[in-house]
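Below is one structure; the comments refer to it alone.
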Protein chains: 2
Amino acid sequence: MADAAPTATRTPIYLKVRDYLADDIQSGNLPPHTRLPSERVLAESHDTTRVTARLALSQLEAEGKIYRSNRRGWFVSPARLVYNPTYDYSFTDYVSAQGREPRTETLGVDLTAVSSWLAARTGLAPGQSIVHLRRRRYIDGRPVLVENIYLDPARLPGIERFDFNRSLWKLLRERYGVELTQKQIQMYPTALVDPQAEALSVSAGTAGLYVNRLSRDGNGRFIEFDEEFWLHDTLCITVDVNAS
Amino acid sequence: MADAAPTATRTPIYLKVRDYLADDIQSGNLPPHTRLPSERVLAESHDTTRVTARLALSQLEAEGKIYRSNRRGWFVSPARLVYNPTYDYSFTDYVSAQGREPRTETLGVDLTAVSSWLAARTGLAPGQSIVHLRRRRYIDGRPVLVENIYLDPARLPGIERFDFNRSLWKLLRERYGVELTQKQIQMYPTALVDPQAEALSVSAGTAGLYVNRLSRDGNGRFIEFDEEFWLHDTLCITVDVNAS
DNA sequence: TTGCTCATCTGGTATAGACCAGTTTTTCAG
DNA sequence: CTGAAAAACTGGTCTATACCAGATGAGCAA
């Protein structure tokens with residue numbers, strides 16, 4: 001007889017908490033970058049436990065509506081950056097054009113050997129020297145991606161000495177007269193794991209988007225291979241196609 | 001003095017369990033669609049609790065290495081489908097070409113009115129009649145996406161009476177002589193929530209990839225708008241660009 | 001063989017704590 | 001006022017347990 005009560009309330013608690021917060025975000029009560037109440041406060045105010053509150057928060061994180069900052073709290077995600085990987089606009093141009101503030105940080109430049117994986121993807125000879133550039137990029141002060149860029153020093157002599165905190169494509173165009181006319185892009189959602197997760201100050205397993213791009217010049221010659229690891233909530237990819 | 005022990009073991013338990021399973025998958029010990037040991041067994045064999053075992057499993061799920069089947073267990077993910085949304089190949093062709101078995105299921109066809117959101121995206125008049133088609137698609141028996149397709153009955157008379165379990169694009173080409181020459185594609189990672197999550201038999205919050213595609217004919221006239229909700233571990237998107 | 005029941009297995013949801021490691025704020029000595 | 005130390009707070013990881021609901025398979029009845 002205890003279960004004679006109406007079974008209408010079949011919605012799990014964590015989904016109610018999720019929807020409660022989602023409404024607050026949707027309505028504009030919680031603008032982007034606002035900090036949410038702490039897990040303990042959320043749990044108490046919904047009369048539940050931290051584990052359940054975290055379930056709700058993880059749901060919103062998976063939807064891209066909130067993000068976490070290590071041991072600082074949960075924050076409302078800003079709008080996604082609209083990003084068209086087929087265009088030759090630089091990250092800086094994109095971000096600025098959408099009213100946001102871009103920043104690029106070079107994490108390291110070194111000369112390394114082409115791995116067998118990279119060789120298979122690019123057609124370069126395994127073991128040949130290649131310039132490896134690592135960068136971290138920010139939008140409005142939040143790190144949103146890290147990337148590995150591979151450039152052929154034989155094709156681009158002296159490339160390792162430039163300032164990589166600015167647009168690489170502009171550099172290629174202006175200093176080397178290179179136009180990137182053929183691109184092969186691959187991308188898929190996956191979790192960020194450790195070298196990248198740490199570089200973005202997120203915990204391992206945070207949802208991400210992996211994008212790589214192989215660029216050649218008009219003669220089909222290798223110019224650049226770029227691997228980007230994005231936080232999954234930061235971008236919306238667009239592609240326009242006009243078939244012949 | 002208790003902490004005089006070497007602090008080498010700073011790796012959380014759930015990451016060890018994750019790596020243990022990842023190795024087993026990587027090495028081929030656990031081929032695609034194999035069921036993993038149950039959470040209770042995993043917890044016991046790693047001398048920990050179910051909560052921690054679930055953390056490890058969630059990590060692998062986020063990476064796309066395993067998937068869950070509602071209350072049946074955790075399974076090894078098969079390879080991602082390579083999918084090029086700019087090409088005119090049908091889902092059926094893609095999947096077959098990669099040695100997998102496609103299946104398409106029509107969930108419903110109805111005549112509805114163009115919503116303001118759809119109008120803004122497509123340029124159609126708000127309120128005008130439109131054919132709404134819902135389908136679910138499978139790879140090797142696993143449901144991997146649900147989609148909403150909107151077609152203009154004025155442009156495609158009688159469209160609602162065809163068999164949608166086959167390729168829509170072939171139908172458009174063969175019965176209506178329509179070629180889809182302009183496409184605008186948007187996509188971003190997000191969680192699957194309820195109408196879609198339920199249709200795919202996954203729990204709300206499962207990671208997904210949202211893709212939409214607006215197609216026009218050679219004259220720029222609206223033909224189709226398609227919204228796809230994919231399980232995030234099922235595909236790898238590729239795009240080729242040849243700039244002029 | 002077919003179809004049903006039922007026990008058993010699975011993951012899904014939830015409670016109630018605990019300690020740790022960073023971050024932020026407060027406090028207080030100088 | 002300044003700067004360093006301490007306290008208070010945050011999420012991160014973890015234990016131990018409970019009950020529920022859907023999936024599965026064994027066993028049995030027709």
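Basis for what follows: all heavy atoms, side chains included, without hydrogens, waters or symmetry-related copies. Each chain gets a letter, A, B and so on, in the order its sequence line appears, and its residues count up from 1.
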- [ ] Give the B/S/- string for nucleotides 10-18 of chain C, one per nucleotide from 5' to 3', where a protein heavy atom under 4.0 Å of the base yields B, of only the sugar-phosphate yields S, and otherwise -.
- [x] BBBBSBB-B
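Summarising the local packing, OH of A/Tyr94 is surrounded by more than 12 heavy atoms from other residues, nucleotides or ligands at distances under 6.0 Å. Heavy-atom contacts from other residues, nucleotides or ligands closer than 6.0 Å to CZ of B/Phe75 number more than 12.
Aromatic ring pairs are classed by plane angle as parallel below 30°, tilted from 30° to 60° and perpendicular above 60°; the pair B/Tyr210 and B/Phe229 is tilted.
Scanning all heavy atoms of the two residues, the minimum distance from A/Leu209 to B/Pro189 falls at CD1-CG, 3.8 Å. Across B/Asn70 and B/Ser201, no two heavy atoms sit closer than the pair CB-O, 4.0 Å. Smallest separation of non-hydrogen atoms from B/Trp74 and B/Leu57: NE1-CD1, 3.5 Å.
Mapping heavy-atom proximity under 4.0 Å, the span of DNA chain D touched by chain A runs 5' to 3' from D/dT10 to D/dA21.
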Task: Verdict with supporting geometry, A/Glu228 and A/Arg137, salt bridge (Lys or Arg N to Asp or Glu O under 4.0 Å) - done: CA-CA 10 Å; A/Glu228 300 175 351; A/Arg137 312 194 98 163; 5.6 Å; no
